[in-house]
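In this text, all values refer to a predicted model and were calculated from it rather than measured experimentally. Note: hydrogens, waters and symmetry copies are ignored here, and every other heavy atom, side chains too, is used. Proteins get letters first, then strands, A, B, ... in listed order; numbering begins at 1 in each.
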Number of protein chains: 2
Amino acid sequence: MKPKKRTTIYDIAEKLNVTPSSVSRALNNSNYVNETTKKLILKTAEELNYKRNTLASNLRKGQSKTIGVVVPRINQNFFANVIAGIEDATYKQGYNLIICQSNESYEKEVQSINTLINQHVDCIVISVSVDSKNYKHLQNVLDHGIQLIQFDRVVEELETLKVINDNEQASFEAVNQIIEQGYKRIALLEGPQNLAIFRQRKTGYLNALAKNNMPVIDELIIENAWTKELGAKATRKLLGLKQPPDAIFASTSDFSALGVLEVATAMNFKVPSQLGICGYSNEDFTELTSPSITTIDQFSFYMGKTVANLYFQEMENNDTIVVPKIISIKPKVIMRTSTQKLKKD
Amino acid sequence: MKPKKRTTIYDIAEKLNVTPSSVSRALNNSNYVNETTKKLILKTAEELNYKRNTLASNLRKGQSKTIGVVVPRINQNFFANVIAGIEDATYKQGYNLIICQSNESYEKEVQSINTLINQHVDCIVISVSVDSKNYKHLQNVLDHGIQLIQFDRVVEELETLKVINDNEQASFEAVNQIIEQGYKRIALLEGPQNLAIFRQRKTGYLNALAKNNMPVIDELIIENAWTKELGAKATRKLLGLKQPPDAIFASTSDFSALGVLEVATAMNFKVPSQLGICGYSNEDFTELTSPSITTIDQFSFYMGKTVANLYFQEMENNDTIVVPKIISIKPKVIMRTSTQKLKKD
DNA sequence: TTTGAATATGCAATCGATTGTTGAAATTTA
DNA sequence: TAAATTTCAACAATCGATTGCATATTCAAA
């Protein structure tokens with residue numbers, strides 16, 4: 001590929017015998033150019049197939065109109081939807097998106113952050129990896145005067161803009177509904193407790209038990225069961241107990257819930273009559289399994305849009321002091337067959 | 001957010017009483033700096049929390065180490081996986097990804113391309129939208145000396161690097177296997193024929209019929225049935241025929257196949273005994289439906305990696321002329337329950 | 001006709017990093 | 001000791017666009 005010479009404002013200027021300044025002004029639709037000259041410049045630019053060099057422009061203007069996004073995995077439904085939502089909103093404002101995935105690795109997360117700082121992005125949007133050990137790298141973002149917005153998996157101690165789900169409330173409601181269906185021994189598959197979202201979901205579970213005067217049974221709470229495989233493993237253990245649970249709340253993810261369902265089916269536990277199952281995230285597949293899986297919808301696309309709009313909104317009152325703001329979106333329990341012990345009304 | 005002053009090479013230079021040139025050379029690990037000075041500069045850079053301004057660097061060097069990606073939808077499994085694959089490979093080379101989604105709209109596709117040209121990306125990777133009317137915008141990419149790689153949905157007339165699936169062959173094999181299972185009247189749901197991939201899949205279908213001496217029955221070929229809803233609609237029509245098909249090949253997508261399955265179930269057609277169903281793409285959900293859906297795996301993640309590596313490879317022999325190269329990946333038929341009319345061996 | 005304002009354009013510095021050229025100092029070789 | 005060579009660092013131009021300041025031109029008002 002030969003690196004072709006691209007037309008610049010100098011080329012246009014030379015051709016028309018004006019200065020680059022005027023060309024620049026014309027292209028930026030400034031008032032300080034004669035209407036006739038402006039039209040002529042625009043026409044010539046078109047003819048020469050001129051494309052502004054954003055690099056140069058950004059360098060001069062000290063901003064990049066670019067937002068960096070760091071997520072654990074691009075190809076996970078929830079994150080893909082959030083990104084789609086962000087893209088949808090930012091595109092309309094003429095902003096670009098640079099996407100990085102951390103692959104749940106702390107090192108890669110740090111490197112991604114550094115790249116984005118180097119790129120002079122105007123804002124960094126992040127959902128931290130499980131593996132996140134500390135938040136020096138996030139502090140660094142702030143130190144560089146770059147707006148930082150955390151979503152979903154947030155570091156609570158760090159005071160930044162945040163868009164989160166009300167995990168505790170959602171979890172509380174889900175467990176409540178499970179109890180209403182008549183389940184008595186509800187197991188919990190919990191996620192890595194270093195992440196706030198998983199702690200909150202656990203709290204919601206505990207609160208629901210307490211409200212219904214149900215005891216907390218330690219052997220029914222399984223740590224770190226947040227993938228399909230770990231969910232399956234946990235289920236094998238749970239269903240092998242002397243007193244197995246009659247419902248399993250996979251608070252970590254729908255993938256985990258899928259593991260539960262597969263093992264339950266293999267072990268000949270009838271779902272939902274003998275075993276209720278509830279997941280988290282409303283992945284597309286949850287309505288396609290048989291039985292379909294009860295889950296919690298997080299409004300991921302909307303979440304993405306909210307993140308983007310939060311940024312634009314904060315941009316506007318840039319003179320005032322930044323108040324760490326938290327937007328909490330209330331997720332919705334999607335009741336499906338896997339927890340329908342009672343007949344439907 | 002106050003736009004903080006960031007440390008530049010000038011700050012470092014001033015502090016150490018050397019010139020910016022030396023700082024630059026030290027940071028780039030050039031040999032033309034004294035080893036002691038180099039260490040000192042590196043140490044000071046660290047202390048001052050220096051981060052290279054990639055904009056300036058890129059402007060000067062005339063390259064951006066950035067690859068632009070345009071896909072119809074980010075949050076569609078196939079594309080998300082391809083992107084993840086691209087990201088995986090480019091990240092290792094220190095490249096960044098700018099992602100745009102066309103939302104299947106020609107206008108947005110053109111705009112996205114223009115943005116990427118402005119951004120001086122080194123390469124543009126695209127899978128065109130259904131709505132793509134012409135390819136002036138793609139030609140424009142080439143005119144600007146930017147490497148262009150098309151994948152999956154490619155414009156055949158345009159001679160660029162391409163990474164595609166062998167759609168015809170895959171389609172041929174799938175239909176063959178369906179025939180081997182004993183199905184006699186196989187319907188085809190075809191996609192918009194302006195896209196080559198859909199034409200190829202149709203050809204594969206026709207070839208398989210011909211090879212098995214089976215007639216082409218016009219009323220069994222349904223145009224433009226490429227979403228879940230259109231797939232469902234087509235199925236209602238097909239199953240209402242005097243002589244309904246005993247198998248439906250949704251060559252367009254798994255979503256379409258899902259529509260088929262739902263309608264078939266609703267209309268009390270037994271799958272696979274009365275009706276065989278085959279989709280395309282191996283979306284995650286296809287193994288979770290009941291029955292699970294036979295489909296074709298396109299190795300999406302691998303496809304992404306291939307695209308990225310193709311670029312890096314072409315970069316190396318940049319002095320030679322660019323030969324339009326096509327890499328064809330052979331997809332794999334995933335035989336599942338939905339077409340298992342015969343007992344398994 | 002003169003003054004003043006409004007309008008248009010040019011000049012030159014700037015954003016931050018890179019790099020070819022040049023020259024001084026240090027080192028090696030004769 | 002002188003000459004030749006190597007090593008290191010400074011200087012200055014450059015990438016392309018933007019913008020504050022200064023100047024020139026035009027036009028209307030006095």
Whole-Å gap separating [atom2] ([N]) and [atom1] ([X]):
{"X": "A:Leu27", "N": "C:dT9", "atom1": "CG", "atom2": "C1'", "answer": "16 Å"}
{"X": "B:Asn53", "N": "C:dG16", "atom1": "CG", "atom2": "C1'", "answer": "6 Å"}
{"X": "B:Leu16", "N": "D:dA9", "atom1": "CG", "atom2": "C1'", "answer": "14 Å"}
{"X": "B:Leu55", "N": "D:dG16", "atom1": "CG", "atom2": "C1'", "answer": "12 Å"}
{"X": "A:Asn58", "N": "C:dC15", "atom1": "CG", "atom2": "C1'", "answer": "11 Å"}
{"X": "A:Ile9", "N": "C:dT9", "atom1": "CD1", "atom2": "P", "answer": "16 Å"}
{"X": "B:Asn118", "N": "D:dA17", "atom1": "CG", "atom2": "C1'", "answer": "12 Å"}
{"X": "B:Lys5", "N": "C:dT14", "atom1": "NZ", "atom2": "C1'", "answer": "12 Å"}

*asked:* Both B:Leu59 and A:Asn28 contact DNA chain D. Which one's nearest nucleotide lies toward the 5' end?
replied: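 Going by which nucleotide is closer to the 5' end, it is B:Leu59.
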*Return the 5'-most residue of the pair A:Ser21, B:Tyr32 with respect to DNA chain D, ranking by each residue's nearest nucleotide.*
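Comparing both residues, the 5'-ward one is B:Tyr32.
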*Strictly by modelled atom types, are B:Asp122 and B:Gln147 linked by a side-chain donor-acceptor pair under 3.5 Å?*
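Result is no, nothing qualifies.
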*Between A:Asn34 and A:Thr36, is any side-chain donor less than 3.5 angstrom from a side-chain acceptor?*
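Yes, because at least one side-chain N or O of A:Asn34 sits under 3.5 Å from a partner of the opposite role on A:Thr36.
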Sub-4.5 Å side-chain heavy-atom contact between [X] and [Y]:
{"X": "A:Asn81", "Y": "A:Phe299", "answer": "no"}
{"X": "A:Leu158", "Y": "A:Gln150", "answer": "yes"}
{"X": "B:Leu55", "Y": "A:Asn118", "answer": "no"}

*What's the closest nucleotide to the A:Tyr10 side chain, out of D:dA9, C:dG16, D:dA17?*
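So the side chain of A:Tyr10 is nearest to D:dA17.
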Indicate, with a heavy-atom threshold strictly under 4.0 Å, whether [X] touches base, sugar-phosphate, or nothing.
{"X": "A:Thr37", "result": "sugar-phosphate"}
{"X": "B:Val23", "result": "nothing"}
{"X": "B:Thr54", "result": "nothing"}
{"X": "A:Asn31", "result": "sugar-phosphate"}
{"X": "B:Asn17", "result": "sugar-phosphate"}

*Is a donor-acceptor pair below 3.5 Å formed from side chain A:Arg25 to base C:dG10, judging by atom type as modelled?*
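Looking at the base of C:dG10, it does pair with a donor or acceptor on the side chain of A:Arg25 (distance under 3.5 Å).
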Should [X] be listed as having a side-chain N or O under 4.0 Å from OP1 or OP2 of [N]?
{"X": "B:Ser22", "N": "D:dA10", "value": "yes"}
{"X": "B:Asn34", "N": "D:dC8", "value": "yes"}
{"X": "A:Thr19", "N": "C:dG10", "value": "yes"}
{"X": "A:Tyr50", "N": "D:dA17", "value": "yes"}

_Taking the six-membered ring of B:Tyr91 as reference, does the cationic atom of A:Lys108 (NZ for Lys, CZ for Arg) lie under 6.0 Å from its centre and within 45° of its axis?_
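Ring-cation test returns yes.
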